[in-house]
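For reference, the structure is listed below as structure tokens.
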Amino acid sequence: MTKQDPQTMPRSAVTEKIELGLAKRHRRENIFRAFGLTAVIFGFILVFFLLFDITSKALPAFHQHWVKVDVNYSEKSLRYAAGDNLADLSYRNTLRKSIYETFPEVKARRDKRQLNGLFSSNAEFAIKEHLIANPDHLGTTQPVWVRVDDDVDVYLKEVEKLGEPLVRIDQKEAQWIKTLVDNGAIEKRFNIEFFTSSDSREPELAGVRGALTGTFLTMIVTLVLSFPLGVAAAVYLEEFAPKNRWTDMIEVNINNLAAVPSIIFGLLGLAVIINLFGMPRSAPLVGGIVLTLMTLPTIIIASRASIKAVPPSIREAAMGLGASRVQTTFSHVLPMAMPGILTGTIIGMAQALGETAPLLMIGMVAFIVDVPSSFTDASTVMPVQIFLWADSPERGFLAKTSAAILVLLGFLFLMNASAAYLRRRFESK
Amino acid sequence: MNTVMTSENLTSGDIVINGSVGTPFCDDAKMSMRNVNVFYAENQAIHDVSLDLAKNQVTALIGPSGCGKSTFLRCINRMNDLIPQCKVTGSFVMDGAELYAKNMDPVLLRARVGMVFQKPNPFPKSIYENVAYGPKIHGLATSKSELDEIVETSLQKAGLFNEVKDRLDKPGTGLSGGQQQRLCIARTIAVSPEVILMDEPASALDPIATAVIEELISELKEKYTIAIVTHSMQQAARVSQKTAYFHLGKLVEMGDTKQIFTNPSHQLTENYISGRFG
Amino acid sequence: MTTTHLAFAVIIIALFSYWLGIKRAITVAGGEQHTRQLVSLPSQYGLLTAFWCGLPAILFLLIWSAIEASIVDSLLIQQVMLTLDTTAQQNMSLLVNNIKILAEKVQLNEDVSAATALQLQHAAYYTELNTKATWLKTLLTLVIAVGCVAVLLTKIKQSFHARNNLEKIVSGLLFTCSGIALLTTIGIVMSVLFESIAFFSKVPVTEFLFGTQWSPQIAMRADQVGGSGAFGAIPLFVGTILISTIAMCLAIPVGLMIAIYLSQYASPRLRSVAKPMLEILAGVPTVVYGFFAALTVAPLIRDFGILVDLPIVAESALAAGLVMGVMIIPFVSSLSEDALTAVPAALKEGSIGMGATHSETIRKVLFPAAIPGIVGAILLAVSRAIGETMIVVMAAGLAANLTFNPIESVTTVTVQIVSLLKGDQEFDSAKTLAAFALGLMLFITTLALNIAALKIVRKYREQYD
């Protein structure tokens, strides 16, 4: 073999050698590039699929089917005697009789029970409220709109051909539903109750008001605690802290705390806040404290970055005029750093808003029907409500869960958009 | 000092640049650039420049900072392709081939026209791998021994081999600044380019390292055509045979280095080399 | 007065004392015109007075609230001990609880006819104790607030440095706030450590770490604590590793390629749409991913399994792992992009200038140079995958199978922590304590990963700064 030094080769020889490999190298370049583009497109597809999947599942939850029952408020079926309180009458009996009158052909006990099952368990209360509101209807037959059962609601939303059985509705029930629809006794209405009522075991009655209130209370606690604490800590570390082991330790510690799994904060809340300090379980106060500890690192890190970005000339100018360190910080540095601090706080709050795991640990996972009215009432929050509904076997909850997710995502979107807006305004200055 | 064209420091009226003076064209040209204009978005950085790079000679591009000499150099091996808003017009011809033609592969072009940068930029790899990088990607060596051979001769040509032969597997970033720059030169010549472009190769180095590099450049011109951008007029005078003086994106004067430095034809050139601005 | 009311009262007094402080300062100066005689501004005297009033009182209030309940309880227990025989003292906590409920009923005028005279007596004593405690609390708080103000007002002289004192207090407050992060860490360590030690006194450490059987429910039955092999955490560790591995197998290549494409190839326009896309992926709450995994991805995977005649369980590790991977993609991509853009542009130019193609430059120069930063990013991502809870709680199983098969159901450390602690707990059962032992393992692992990642990233930054 003859050794050839490329520098002594004729120029064209090197060029030829390079040209030999060029096609292959360009092909590789294109493949690599295509891989990258595929990954980005994959990301887009994921986002669209996720949002589309949830939205399409959620849409049915915003509507609810109602059924008209001609209620015969006969004194006999109500077991009414003169002077009785209208709230204590036998409405269940009345409702059933009225339903049977609509379907006179249904005779067997089992069929009757099935027929009753088409109406929401809340229907008897609906006809009761109607009579209390209109006492003069006693003894007459009145059309009253009540909710259908969740299975019927799901059926009406999903069925292609009325009268065919589907999932939990059998042939017989399907026929009854068809009759009702044909008679114009079924109506689809906007489900405002989704926002105005609280959790329920019955999907057709369940709403997010309780969870929204709980979230609101928890977020207030988190904000009230984490904002001042976070800003104060950031101010101390940036403006006052001497550079020594202590502040180094705090710094490392904050960075590590930011990456501790959220469930660990739940363990802390359970062991220390609930067991040691004896605070109430399931309370927004405790939830807020736990979320504060969790979001503090985020807020501190963002605030420090923002404070650091204030030009030193501002401090020097203020101190040159005889202002003290504290005065300089509070009247010059902080106002200038505020937009950045607020952005960081909003992002931290958005994190807290979507957090679930630590709240499971401190008992905010209970089934709670009442809307919480104070910081120590047992309550739940939106993400936990989503978790609870997602775990429920009833099909009606599927749409409710997705709808609750949409509401939560909506709030998150608003928060992130305002953070982005703040950042942009700050940057453009 | 960075102000240039004011009535205080320049007196005569003939400093307006209307085309260049001197001899921008030569008989034995390796590369010929004609009517080159370069735009960054809306701003024109190079105005209608035409000049030749003479074969196996060193051409120095000098001028005050911001005059476009680096931009012009980077256009020669199409490094400006990396900047999306950059637009180039005019013609660049090397050995009869148009460099900006559709069928010209910039990959091949850059292998034939190598570049050495202002700041030494060895890859975070061993000294050996740094030099072997080019031959490896271009497939110039078919065997390990052939590669070793290329690395050794390249390092020798860059005058670095004796200093680093015992530590070829040590990282290239561990060398001194001057050694790093010579490593980058070795890396460039390892793919045996025909032209080497140097963008202020000694500006980040101390005087001793600079002298070594300058000596190296003088040796390299035996085999390669070299264009060097430099801030230092003394350096241009020491290493180059031809000098082109750029001013505000225009070529003012081009000619033999000796003539430019002893008897410049243009008022601006004279002002510049006599240190009245720059 | 409740604690909240008292806190408000203290704040009002503090506001008032702000005004008092200013007044006093002006008086010692000798009138409005002579305030320049003071060494500090009048408002600084006011602020100092307000702080002096508010801080000690609020601090006292906090401490009192923390200990009040336990003091009242112990006093009540003493009283009950005096009147009851020892046999009845067995269920003291239940007894005390009943008394409290009774006391509440009495206060609300509910029916208490079922209670015995002794119980009513105890309830009355409890109510009395509470009333006394509240009175004492109110009295002491107000005395402290007013007393501190009075002391300070006498101190205000022309030469009294209000500003210096004020600033000492403010920086002290700021210092305290910065310590909260440290306190949190200490709290975490203490809470998981103590409960874990209690757990390991019931179940040997070796058994927990090396046992292959996990069935904590057994321990609920009497006398079956420990020794039964029911607390071997190996299946949980394996399950965690399996799901995290699946997640990383998706997240690392996709995240890296996205980072490379966006930082090296993409046009500014594509970048400006792709960045929000990644932010959406990063901002979706994990409970939503969990829902997505359990109700969309898992059925899809099962259907696919039926299609190719492969039995895939509904709660397969695959579904949870893949969705977790999706969650981690933006995390990997944004950190890797930082690492890639931190590589000096000169290296890229050097390589391109030699005739390397763009992808050769990325693969052979940029990527190796950014490797430390990327490794740091991956370590942080792994730590996040291990600690992720909601996705696995909703989409992975509860049964502790020791398997590496991705189409079977496995359980993870976090799933078990949730399932062990979700309901009511008794704090002395091995079942509850096991959750804290798992928490300790989780904390140690993620902490080690984080510290390693931060170290690598920091070192890497220094290299190029």
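Predicted model, so just to flag it, every value in this text is computed and none were measured. Convention: sequence-line order gives letters A, B, ...; per-chain numbering from 1.
Atom CD of B/Gln156 has more than 12 neighbouring heavy atoms from other residues, nucleotides or ligands inside a 6.0 Å radius. Within 6.0 Å of CZ in A/Phe44 there are more than 12 heavy atoms belonging to other residues, nucleotides or ligands. Few gaps surround CZ on B/Arg238; more than 12 heavy atoms of other groups in view lie less than 6.0 Å from it. No more than 12 heavy atoms of other residues, nucleotides or ligands shown are found within 6.0 angstrom of CZ on A/Phe411. Summarising the local packing, CZ of A/Phe330 is surrounded by more than 12 heavy atoms from other residues, nucleotides or ligands at distances under 6.0 Å.
For the pair A/Thr15 and B/Glu194, the tightest heavy-atom approach, listed with the atom from each and the gap, is OG1-OE2, 3.8 Å.
The structure places NE2 of B/His138 at 13.5 Å from CG of A/Leu20, a figure rounded to the nearest 0.5 Å.
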Could you give me the CA-CA distance, side-chain angles and deciding distance for B/Val191 and A/Val14, then say whether side chain to side chain contact (heavy atoms under 4.5 Å, CB included) is met? CA-CA 8 Å; B/Val191 291; A/Val14 174; 6.0 Å; no
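No option in A/Glu19, A/His26, A/Arg25 other than A/His26 meets the side-chain contact (heavy atoms from CB on, under 4.5 Å) test with B/Asp105.
Interface remark: A/Leu22 contributes side-chain atoms only to the contact with chain B (heavy atom separation under 4.5 Å).
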